[in-house]
Amino acid sequence: MLLSAIAVSNGPHIWFLATILGAGAGCFVAYFTLAWGSVIAAFDMRDILAVLCAALCLQWALFVPVVLFGPEVKVALAGILPFLSWGCLRGFDDGGVEEGLPRIAPCTPSGKGTECCDGVVPRLSAALFCFALTIEFVWTCNVVMTSEPLDEGLFWLVYVCVLGAAALVMGIILGLMERWRAYRMELFYRTAFAFAVVGSVALPLSYHHLFFSYAVVYVAYALITATMWMLAWAVMLMRKRAPYRVIGCVFGLQFLALPCGFAAAKFMQWYAAAQADADLLPYVGFVAVVVLVAAYAFLLPERVLLLLSPRLLKLSHESLDDRCRDAAAAFGLTERETEIFMLLARGRDVGYIEKTLFISRNTVNTHRKNLYRKLGIHTQQELLSLIEDSLG
């Protein structure tokens with residue numbers, strides 16, 4: 001940021017130095033993301049919902065003074081915020097344990113080779129990659145492919161609108177969750193998808209009025225990021241994954257998607273040099289919508305979210321196993337049926353249970369049929385509802 005403020009030329013030495021500095025900043029962002037993810041894994045979902053929603057809304061507030069007060073404020077924030085972030089994370093390291101705070105988990109392997117083969121983390125990663133790439137692609141096309149890009153003096157108003165819209169949407173969803181007493185992460189997912197599609201379609205329709213498209217895609221980005229953090233937390237809780245592996249895979253692809261989306265938009269700009277940009281914008285919007293629909297319908301459909309949803313608003317790391325044991329004792333399940341019951345409650349499929357317990361698929365199906373009969377249920381959704389009802 002300091003280099004961009006004082007540079008008077010755009011020569012190769014400036015590009016080289018900016019690249020080195022950017023790589024250093026990228027290393028810090030990667031470390032911070034992994035460390036913050038391991039801290040999040042130690043909290044309960046109820047607390048994480050409040051933290052994520054507040055953080056992903058308030059981030060837009062910092063952009064307002066940057067736009068209003070110029071490069072000096074930008075340089076000051078760039079110098080202060082990394083150290084402030086690092087200082088906050090230090091509180092969750094070894095010294096935080098004595099105060100009863102969670103600690104940053106070490107990078108340890110999960111210990112089960114089958115965990116990498118069930119496809120949940122790759123699905124999350126691929127879906128977030130598609131969303132982030134599309135949002136960056138649409139935003140950059142707003143900048144480079146329109147004859148009258150948004151006036152820089154209005155960017156502060158864009159960020160204020162994004163802050164207000166994101167806070168309103170997240171507040172409504174959290175209110176609905178509280179009312180229904182269940183985690184409904186599909187509400188975040190649906191809303192993020194809707195905002196991303198609307199922002200993509202609005203790009204060619206608002207060729208001379210880009211304010212709306214800018215703001216909508218930013219809200220979509222805040223919502224999809226919140227959704228993926230929650231789903232990553234659910235994977236770490238319900239499937240006992242190592243935090244560094246889940247966070248590294250999911251958000252590593254998110255960060256990779258941003259330069260890919262930028263490069264795709266610049267390629268479109270180069271291709272459009274020989275023809276009117278406005279003629280290409282409908283195709284840009286169409287391609288963006290196709291990618292989003294593919295991610296929503298095939299890479300990460302809502303039925304996958306159901307398997308990752310812990311459902312209960314008061315669920316903690318220990319309470320899921322405790323509630324399963326209580327239900328098993330109440331309904332007279334055998335020890336083996338209880339083991340399978342606890343794995344099913346975490347969203348495990350028959351193949352995983354077969355490999356974990358070293359029993360045949362037919363034996364797993366027989367035990368599942370017996371425990372379903374004893375519990376008086378027929379589907380995994382009813383199994384989750386049974387655990388949820390036991391909260392009362």
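All heavy atoms count here, side chains included; hydrogens, waters and symmetry mates do not.
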Exercise for the section: Would you check if Arg123 and Leu299 make a side-chain contact, meaning some heavy-atom pair closer than 4.5 Å? Expected result: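 Side-chain contact under 4.5 Å: no.
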For the [atom1] atom of [X] and the [atom2] atom of [Y], what is their distance to the nearest 0.5 Å?
| X | Y | atom1 | atom2 | result |
| --- | --- | --- | --- | --- |
| Ile173 | Cys53 | CD1 | SG | 7.5 Å |
| Arg184 | Leu176 | CZ | CG | 9.0 Å |
| Leu223 | Leu187 | CG | CG | 11.0 Å |

Handout entry: Met1, CE: over 12 other non-hydrogen atoms inside 6.0 angstrom
Key =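 No, the 6.0 Å shell around CE holds no more than 12 heavy atoms from other groups.
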Any link between [X] and [Y] through a network of hydrophobic side chains (Ile, Leu, Val, Met, Phe, Trp, Tyr) touching at under 4.5 Å?
| X | Y | result |
| --- | --- | --- |
| Val293 | Phe129 | no |
| Leu256 | Ile247 | no |
| Phe131 | Met170 | yes |
| Phe298 | Phe286 | no |

Fill in the blank from the handout: The side chain to side chain contact (heavy atoms under 4.5 Å, CB included) partners of Ala167 (sequence neighbours excluded) come to Cys57
Problem - Residues that Ala132 engages under side chain to side chain contact (heavy atoms under 4.5 Å, CB included), provided they are two or more places apart - result: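 Here the qualifying residues are Tyr221, Gln254, Ala257, Leu258.
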Scan the side chains in residues 159-166 for donor-acceptor partners under 3.5 Å anywhere in the protein, sequence neighbours excluded, and list what turns up.
none

Practice task
Could you tell me whether a side-chain N or O of Arg336 sits under 3.5 Å from a main-chain N or O of Val364, the two making a donor and an acceptor?
Solution key: no
Practice task
Kindly state each residue pair satisfying side-chain hydrogen bond (donor to acceptor under 3.5 Å, both in side chains) with at least one member in residues 283-295, sequence neighbours excluded.
Solution key: none
Handout entry: side-chain hydrogen bond (donor to acceptor under 3.5 Å, both in side chains): pairs with one or both residues in residues 15-29, sequence neighbours excluded
Key =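 Non-adjacent pairs meeting side-chain hydrogen bond (donor to acceptor under 3.5 Å, both in side chains): Asn10-Trp15.
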Exercise for the section: Classify the angle between the aromatic ring planes of Phe32 and Trp36 as parallel (below 30°), tilted (30 to 60°) or perpendicular (above 60°). Expected result: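 Taking Trp36 first and then Phe32, their aromatic rings lie parallel (interplane angle under 30°).
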Handout entry: Test side-chain hydrogen bond (donor to acceptor under 3.5 Å, both in side chains) applied to Tyr218 - qualifying residues, sequence neighbours left out
Key = Trp139
Practice task
Show your reasoning for whether side chain to side chain contact (heavy atoms under 4.5 Å, CB included) applies to Tyr372 and Leu344.
Solution key: CA-CA 11 Å; Tyr372 273 19; Leu344 290 173; 4.2 Å; yes
Practice task
Give a yes or no on whether the ring-centroid distance for Trp60 and Phe63 is below 6.0 angstrom.
Solution key: yes
